[in-house]
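As structure tokens, the structure follows; a few thoughts come after it.
In the text below, chain A, chain B and the rest are named by the order of the sequence lines, each starting its count at 1.
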4 protein chains.
Amino acid sequence: MDLKDSQAEPTGAVTRKSIGARRNPASQEAILDAAEAVLNEGGVAGFSIEAVAKKARAGKPTIYRWWPNRTALMLDVYRRFKNERPFPDTGSLRADLVAFLDNQLLGFWHNSLAATVYRALIAEAQTDQAAADALYAYQEGRKAVVIQIIEKAKLRGECAPEVNSELIVDLIVSYAWHQLLLGRVEAAMGTIEAVVDSVLHGALNSTTR
Amino acid sequence: MDLKDSQAEPTGAVTRKSIGARRNPASQEAILDAAEAVLNEGGVAGFSIEAVAKKARAGKPTIYRWWPNRTALMLDVYRRFKNERPFPDTGSLRADLVAFLDNQLLGFWHNSLAATVYRALIAEAQTDQAAADALYAYQEGRKAVVIQIIEKAKLRGECAPEVNSELIVDLIVSYAWHQLLLGRVEAAMGTIEAVVDSVLHGALNSTTR
Amino acid sequence: MDLKDSQAEPTGAVTRKSIGARRNPASQEAILDAAEAVLNEGGVAGFSIEAVAKKARAGKPTIYRWWPNRTALMLDVYRRFKNERPFPDTGSLRADLVAFLDNQLLGFWHNSLAATVYRALIAEAQTDQAAADALYAYQEGRKAVVIQIIEKAKLRGECAPEVNSELIVDLIVSYAWHQLLLGRVEAAMGTIEAVVDSVLHGALNSTTR
Amino acid sequence: MDLKDSQAEPTGAVTRKSIGARRNPASQEAILDAAEAVLNEGGVAGFSIEAVAKKARAGKPTIYRWWPNRTALMLDVYRRFKNERPFPDTGSLRADLVAFLDNQLLGFWHNSLAATVYRALIAEAQTDQAAADALYAYQEGRKAVVIQIIEKAKLRGECAPEVNSELIVDLIVSYAWHQLLLGRVEAAMGTIEAVVDSVLHGALNSTTR
DNA sequence: GCGTAACCGAGACGGTACGTCGGGTCTTCCG
DNA sequence: CGGAAGACCCGACGTACCGTCTCGGTTACGC
């Protein structure tokens with residue numbers, strides 16, 4: 001957001017030449033910047049390799065050389081957003097799950113281009129198996145961190161030992177996806193604590209258990 | 001599934017003429033049949049108005065006359081699948097939720113063209129606001145039934161009164177969507193009971209509450 | 001040459017719609033006009049389907065629908081030039097051959113876009129067998145007329161009966177091609193009579209025969 | 001035709017390193033060999049600098065360093081074919097012209113890669129002025145030899161003194177070009193003597209002169 | 001009972017974007 | 001400095017669909 005102003009519009013002065021028989025990082029940056037800008041301006045529709053190439057002042061073959069399809073490019077754009085906000089592990093499972101849902105999912109998507117990109121990625125994955133695989137792999141990595149946190153909570157005795165950690169994470173991630181895909185991220189921000197409490201306490205009447 | 005064999009392949013003999021200044025039901029049927037067939041053969045990708053028109057031996061304007069865009073057409077295709085399987089209300093919340101997840105969601109999608117269509121619809125909704133609205137409205141109607149069931153469980157004392165019914169339904173629907181969108185419906189079939197139990201009992205260690 | 005002014009530059013007002021499920025002559029005219037204009041402006045290099053489509057305000061698929069490749073399009077452009085100048089048959093073989101070389105070949109190419117197009121066609125035929133075939137067929141038709149004239153001269157006794165008429169025509173056409181391909185049409189204009197005389201009288205010293 | 005076997009297919013073992021700050025003849029040979037091979041395999045179409053570079057295991061800049069464009073490279077390829085077959089000067093104009101047409105032109109092109117290269121050169125010259133100039137110069141040199149022979153025939157009294165020698169040569173060369181460009185070299189082989197006789201005796205009925 | 005309005009199949013139209021190919025330039029790294 | 005390598009920008013290729021349009025023909029309805 002700070003140094004891509006020159007590529008935001010093709011000014012004619014930013015032409016990048018080859019720097020020899022190796023990948024030119026400036027071009028890759030410019031392409032990712034342009035992809036981001038295109039998504040920002042035109043939304044998911046209107047995202048095309050052609051538009052990105054034009055905005056980046058790059059040739060289409062240069063894009064196809066490094067990203068096999070638009071999905072891969074979008075995934076890279078998304079990865080650049082990967083916030084490095086601290087993921088606390090506070091010692092409280094509830095606080096951790098709230099932070100997960102807030103910082104890493106809904107809150108990360110809220111008011112952010114990231115939501116647009118991720119929605120597009122999921123849409124793409126419905127059509128393109130490669131996209132689906134990439135998305136799945138990416139997501140498994142994200143989930144693993146939270147699974148570890150739940151396992152720690154089990155050791156602390158905070159969490160029931162028979163609980164399937166992955167299932168818990170899935171429930172939370174699923175909820176976030178669902179709201180994202182229905183365009184209800186903002187509304188869902190207010191439900192974060194209620195969701196976590198639901199997942200933690202369950203629906204049954206504890207007096208009757 | 002029973003009377004569309006003749007349109008499955010354009011045999012040349014099925015040409016439908018106009019029946020006057022009114023909608024020809026045969027054409028509409030043929031178009032929906034063709035749309036279904038195209039989805040069956042080519043998956044979500046490969047679904048194009050052009051392909052449907054060709055398969056249905058219909059003109060493109062005939063399609064556009066009755067469905068404003070491909071999303072509307074797909075939604076109609078999906079509606080034809082709307083299963084009328086009994087939705088029991090057995091008196092047991094757990095059994096009802098399992099049935100919901102099984103009959104209405106994952107099990108309905110399992111081994112079915114419905115999954116393909118629904119995935120496509122969700123993908124479409126990411127781009128097309130009209131699709132998103134239609135999808136949202138459709139889904140709200142489906143959720144309402146289950147919300148009522150939970151409310152009944154509250155009255156029975158089976159479910160805690162402070163529970164947000166919609167949230168519970170959302171958790172279950174979200175889980176199903178998530179698995180659908182990742183192409184993991186089959187695998188998810190085996191987790192149905194675990195999911196319902198998770199939602200019902202929560203993750204916390206009940207001995208420490 | 002008379003009614004294509006509006007298409008010469010895309011003015012925005014000339015958009016041609018479909019006129020139903022059949023070829024739109026206006027589009028074909030506009031495309032040929034545009035092709036001619038592109039050749040006029042950019043020469044043979046710079047002639048691209050893309051440029052023609054842009055200039056004609058036509059979609060590329062519309063061009064490809066009717067002309068399988070750029071060669072076919074160029075050939076059609078050339079055909080439009082086919083001058084309908086009278087081809088005399090004056091009763092004098094020499095005068096007729098001079099007129100052929102002058103009106104139909106070198107003179108036709110002189111100071112004309114036709115030369116550019118024909119050179120490009122010949123060049124294209126070296127690469128593309130379809131172009132070669134089309135060119136050959138076109139040329140055979142043109143030659144046939146002159147062969148008939150020579151045959152008449154034979155009947156008049158003006159031409160030796162053992163002469164191979166086609167060979168005579170070939171010599172003259174070949175000479176014209178050669179000069180065209182070397183870009184020497186203008187210079188060759190001055191040699192027309194000498195060439196015809198050479199072909200008619202031969203090189204041998206008649207006193208020694 | 002004898003030492004280029006190793007470059008015919010890039011075997012991986014033939015990489016030529018630099019030999020210091022001067023032109024590496026092996027590379028030049030390899031490039032010409034590769035160009036020839038590419039022409040042989042893919043014909044005129046399919047001849048690209050890229051293909052030659054790949055086949056020769058050379059970098060594109062190495063080619064561009066020594067040949068300004070593809071035309072120059074093709075011209076060099078053609079020059080390597082310059083046959084040194086004896087050009088007789090038998091003392092008979094007819095025999096000499098037949099030999100010229102046979103040995104140097106049609107017969108040289110017959111069943112030969114030379115035809116392919118020469119056709120490509122002519123095609124290139126239609127687009128590229130430099131190619132046209134080079135081709136013209138090359139051809140003038142070839143013609144000069146035959147012009148001398150005709151001049152000798154004039155001195156012998158065999159040829160009419162008022163005849164334009166260059167024109168005679170042009171007629172013959174033109175005929176050969178024409179047949180070459182239409183891909184009719186083989187068929188034209190059988191017309192060689194008839195052509196020469198036509199040029200020598202002319203078409204007019206000698207009894208009426 | 002006859003004109004007309006709306007439907008139907010068909011397919012051309014102007015477009016946008018796709019993913020690929022090759023052109024000619026440039027730069028690095030190695031010898 | 002020569003040469004291999006290959007990335008770079010660019011422009012054109014030929015294809016697939018989009019959504020619109022007009023056609024010629026076919027009923028059924030309303031005047």
Side-chain angles (χ1 to χ4, degrees), chain A residues 15-24 26-28 46-51 53-54 56-66 68-70, chain B residues 15-24 26-27 46-51 53-54 56-66 68-70, chain C residues 15-24 26-28 46-51 53-54 56-66 68-70, chain D residues 15-24 26-28 31 46-51 53-54 56-66 68-70:
Chain A
T15 315
R16 296 166 306 278
K17 302 288 179 59
S18 165
I19 58 169
R22 68 200 209 284
R23 186 167 186 167
N24 184 345
S27 281
Q28 315 312 314
F47 180 82
S48 70
I49 296 288
E50 201 125 23
K54 196 174 178 183
R57 302 187 69 79
K60 276 200 289 178
T62 301
I63 298 183
Y64 281 107
R65 188 167 8 246
W66 301 112
N69 47 53
R70 36 179 280 162
Chain B
T15 314
R16 297 167 306 279
K17 302 286 179 62
S18 167
I19 58 169
R22 66 199 210 287
R23 186 168 185 166
N24 183 343
S27 281
F47 179 82
S48 69
I49 296 288
E50 206 128 45
K54 196 174 178 184
R57 305 185 69 79
K60 280 201 287 178
T62 303
I63 298 182
Y64 281 108
R65 189 164 8 243
W66 302 112
N69 46 53
R70 38 180 279 160
Chain C
T15 314
R16 298 165 305 279
K17 303 287 179 61
S18 165
I19 57 169
R22 65 199 211 284
R23 186 167 186 167
N24 183 345
S27 281
Q28 315 312 314
F47 180 81
S48 69
I49 296 287
E50 200 125 21
K54 196 174 176 182
R57 303 186 69 79
K60 277 200 288 178
T62 301
I63 299 183
Y64 281 108
R65 186 163 14 242
W66 300 112
N69 47 53
R70 34 178 281 160
Chain D
T15 313
R16 296 167 306 283
K17 300 290 178 61
S18 167
I19 58 170
R22 63 201 161 62
R23 185 167 185 166
N24 184 344
S27 281
Q28 317 312 314
I31 288 167
F47 180 82
S48 69
I49 295 288
E50 206 129 44
K54 195 174 177 184
R57 303 186 69 79
K60 278 201 288 178
T62 303
I63 298 182
Y64 281 109
R65 185 159 18 238
W66 301 111
N69 45 53
R70 36 179 281 160

| task | For Ile19(A) and dA7(F), give me the distance from atom CD1 to atom P, rounded to whole Å. | result | 11 Å
| Under 4.0 Å between a side-chain N/O of Trp66(C) and OP1 or OP2 of dC13(E), yes or no? | yes
| remark: Between CZ of Arg16(C) and C1' of dC21(F) the distance, given in whole Å, is 14 Å
| query | What integer distance in Å separates Glu50(D):CD from dA12(F):C1'? | reply | 15 Å
| query | For Ala53(C) and Gly59(C), which heavy atoms make the closest approach, and how far apart are they? | reply | CB-C, 4.3 Å
| Which whole-number value in Å describes the distance from Asn24(C) CG to dT20(F) C1'? | 14 Å
| Does the base of dG11(E) carry an N or O that pairs as donor and acceptor with the side chain of Lys60(B) under 3.5 Å? | no
| message | I want to verify a distance call: between dC18(F), dA10(E), dG22(E), whose nearest atom is closest to the Ser48(D) side chain? | response | dG22(E)
| Earlier contact from the 5' end, DNA chain E, for Ala53(B) and Arg65(C) | Ala53(B)
| request: Could you say whether Gln28(A) or Ile49(C) is positioned toward the 5' end of DNA chain F, judged by the nucleotide with the nearest heavy atom to each? | output: Gln28(A)
| field | Whole-Å gap separating P (dT16(E)) and CZ (Arg70(A)) | value | 17 Å
| Does any donor-acceptor pair link the side chain of Lys17(C) with the base of dG14(E) at a separation under 3.5 Å? | no
| request: Indicate whether OP1 or OP2 belonging to dG14(E) is found under 4.0 Å from a side-chain N or O atom of Ser27(C). | output: yes
| said: Walk me through whether Thr62(B) and Arg65(B) qualify under side-chain contact (heavy atoms from CB on, under 4.5 Å). | reply: CA-CA 5 Å; Thr62(B) 303; Arg65(B) 189 164 8 243; 4.0 Å; yes
| In whole Å, what is the span from the CZ atom of Arg23(A) to the C1' atom of dA7(F)? | 11 Å
| Length of the line joining Arg22(A):CZ and dT27(E):C1', which is rounded to integer Å | 8 Å
| remark: Rounded to the nearest 0.5 Å, the CD atom of Glu50(C) sits from the CZ atom of Arg70(C) at a distance of 12.5 Å
| remark: Closest to the 5' end of DNA chain E, once Gly46(D) and Pro61(D) are matched to their nearest nucleotides, is Gly46(D)
| request: Would you kindly give the CD1-to-C1' distance between Ile63(C) and dG14(F), to the nearest whole Å? | output: 12 Å
| said: Whether Thr62(D) contacts dA4(F) is assessed here as follows: a side-chain N or O lying under 4.0 Å from the phosphate OP1 or OP2. Is that the case? | reply: yes
| First of Tyr64(C) and Pro68(B) reached from the 5' end of DNA chain F, by closest nucleotide | Tyr64(C)
| said: With hydrogens left out and only the distance checked, is there a donor-acceptor pair under 3.5 Å joining Ser18(C)'s side chain and the base of dA12(E)? | reply: yes
| remark: Taking every heavy atom of Asn24(B) against every heavy atom of Lys17(B), the minimum-distance pair comes out as ND2-O, 3.1 Å
| task | Measure across Ser27(B) and Arg16(B) and return the closest heavy-atom pair with its distance rounded to 0.1 Å. | result | OG-NE, 3.0 Å
